[in-house]
There are 2 protein chains.
Amino acid sequence: MLEYIILGFLMDRELSGYDLKQTMASSTSYFFDASFGSIYPALKKLETRGDVRATEVVDGGKFKKLYAIQATGRETFRAWLAGPIPFSRTKPDHLIPVFFYRFLSPEERKERLEKLISEAQAVLGELAAQEEDVACKADLYQHSALAFGLQYYRLVIDWCRRLLQEDAVTSYIETGDGGQ
Amino acid sequence: MLEYIILGFLMDRELSGYDLKQTMASSTSYFFDASFGSIYPALKKLETRGDVRATEVVDGGKFKKLYAIQATGRETFRAWLAGPIPFSRTKPDHLIPVFFYRFLSPEERKERLEKLISEAQAVLGELAAQEEDVACKADLYQHSALAFGLQYYRLVIDWCRRLLQEDAVTSYIETGDGGQ
DNA sequence: CGTTCCATGTAAGGCGTTACATGATTAC
DNA sequence: GTAATCATGTAACGCCTTACATGGAACG
């Protein structure tokens, strides 16, 4: 996962390991964050694979290794972003690809979001079923945890639907044909 | 984490590794789940430590190892539940202790929930600040991810407040003094 | 009599963290 | 001059997953 996120950030501009850490801290830290201990080895691995290439520079008297994404890296990233991303119940992983949705076509985005909605609805259905047979044997706190789960998945679904709508409007404005 | 959750489930009744897996699947799987590959070694570790004790039984012609929590195990669990649990931004870990809140006193619950609220508010504040300086340079999708974060933390805060209130009412009914 | 479910466990490996080690530059 | 920040990296370890290995019982 980390490797793809790094590639995603490098899609826009060259960054060092330190830059990546800072970028994450100020943009994705509420759903994804990584330590230096995982960022640096990940960059090394990406370089070995040829997905990125490092340039050693001195910027303002400071030594830096700037990593630039290569053609194969862009391909790796695209393939990951366009491919199926397993739905996680225990982490808001669905936010990660969304962060990079600008690299997908309107059709691909629509497909992804609709899939996300159906997956979230499936879990919501399960939780709703749990709520019924749990109402008697569960205590206030277990019930409250379940209530959180229900609200959480409703939030996910509403949020996806809103994004789907906004995206359709934006695509319409940009292309004049609603992405058809 | 897993070890404590196992202890939490064993607080009520004896369970086997298989039972634990099933119990999680039908109660905590939307915020916590574990595979057999982690459950069995965890039980072994807990047994070595003396927190649980196993009894081999034959139930309906099927071999089973039922684990019973011991006094030291109850103490271990209590200490974990009453102690500070690091706030995670990337996982809804805050739900885990709540699931076992019945083992805390009303005062402890109140303290925990208030702390959770203040931690969530701190993150919400950060995200709100991000939203302002990000509004121009972020695209629809990055902005949407941030919007999800904002709504998520609002949900966490509202949910904590509601639980805090419900808990106060329940404690009042049960003890007749609101837990004072 | 084969498939599914019950039930326990191990081995290898992935993916990440914390703590450590190093050194330059900047700010006070 | 010393503390904070910038910057890179390694080593040890934690904690979990997947895949595998095994075997009995129940269902049709």
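Throughout, protein chains are lettered first and strands after them, A, B, ... in sequence-line order, and every chain is numbered starting at 1.
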With salt bridge (Lys or Arg N to Asp or Glu O under 4.0 Å) as the test, would you mind laying out the steps for E3(B) and K45(B) before giving the verdict? CA-CA 9 Å; E3(B) 287 169 35; K45(B) 200 173 162 192; 3.2 Å; yes
Within the 3.5 Å criterion, strictly below it, is a donor on S105(A) or E108(A) matched to an acceptor on the partner's side chain? yes
With the side chain counted from C-beta on, respond yes when F99(B) and S27(B) share a heavy-atom pair under 4.5 Å apart, and no when they do not. yes
With heavy atoms under 4.0 Å as the rule, sort G61(B) into base, sugar-phosphate or nothing. sugar-phosphate
Taking heavy atoms of chain A and a 4.0 Å limit, find me the 5'-most and 3'-most nucleotide of DNA chain D within that range. dC6(D) to dT10(D)
Taking C-beta and beyond as the side chain, do T55(B) and K65(B) meet within less than 4.5 Å on heavy atoms? no
Sugar-phosphate only, base, or nothing, as touched by Y4(A) at under 4.0 Å among non-hydrogen atoms: nothing
In whole angstroms, how far is the P atom of dA7(C) from the CG atom of L20(B)? 12 Å
How is F63(A) classified with respect to the nucleic acid when contacts are heavy atoms under 4.0 Å: base, sugar-phosphate, or nothing? sugar-phosphate
Compare all side-chain heavy atoms of T28(A) with those of F9(A) and state whether any distance is below 4.5 angstrom. yes
Are OP1 or OP2 of dT17(C) and a side-chain N or O of S35(A) less than 4.0 angstrom apart? yes
To the nearest 10 degrees, the angle between the two end axes of the helix from dC1(C)-dG28(D) to dC28(C)-dG1(D) (five pairs per end) comes to 30°
If you look at every heavy atom in G73(A) and L7(A), which pair is closest and at what distance? O-CD1, 3.8 Å
Residue Y18(B), side-chain heavy atoms: nucleotide from dT17(C), dA7(C), dT10(C) that is nearest: dA7(C)
What does A42(B) touch in the nucleic acid at a heavy-atom separation under 4.0 angstrom: a base, only the sugar-phosphate, or nothing? nothing
Separation of dT22(C) atom C1' from F36(A) atom CZ, nearest Å, is 14 Å
Begin with the C-alpha distance, continue with both residues' side-chain angles, and end with the deciding distance and a verdict on ring pair (Phe, Tyr, Trp, His ring centres under 6.0 Å) for Y18(B) and F36(B). CA-CA 8 Å; Y18(B) 196 87; F36(B) 287 122; 5.6 Å; yes
For atom CZ of R102(A), is the number of surrounding heavy atoms from other residues, nucleotides or ligands below 6.0 Å larger than 12? yes
How is D59(B) classified with respect to the nucleic acid when contacts are heavy atoms under 4.0 Å: base, sugar-phosphate, or nothing? nothing
According to a strict under-4.0 Å criterion, is K21(B) in side-chain N/O contact with OP1 or OP2 of dT8(C)? no
Comparing K44(B) with D19(B), nearest DNA chain C nucleotide closer to 5' gives the residue D19(B)
Between atom NZ in K62(B) and atom P in dT4(C), what is the gap in whole Å? 16 Å
Closest-nucleotide mapping onto DNA chain C: is Q22(B) or G37(B) further toward the 5' terminus? I mean the 5' end. Q22(B)
Between K64(A) and S38(A), whichever has its closest DNA chain D nucleotide further toward 5' is K64(A)
Name the residue from F77(B), W80(B), F32(B) that meets the ring-ring contact (aromatic ring centres under 6.0 Å, His included) definition with Y4(B). W80(B)
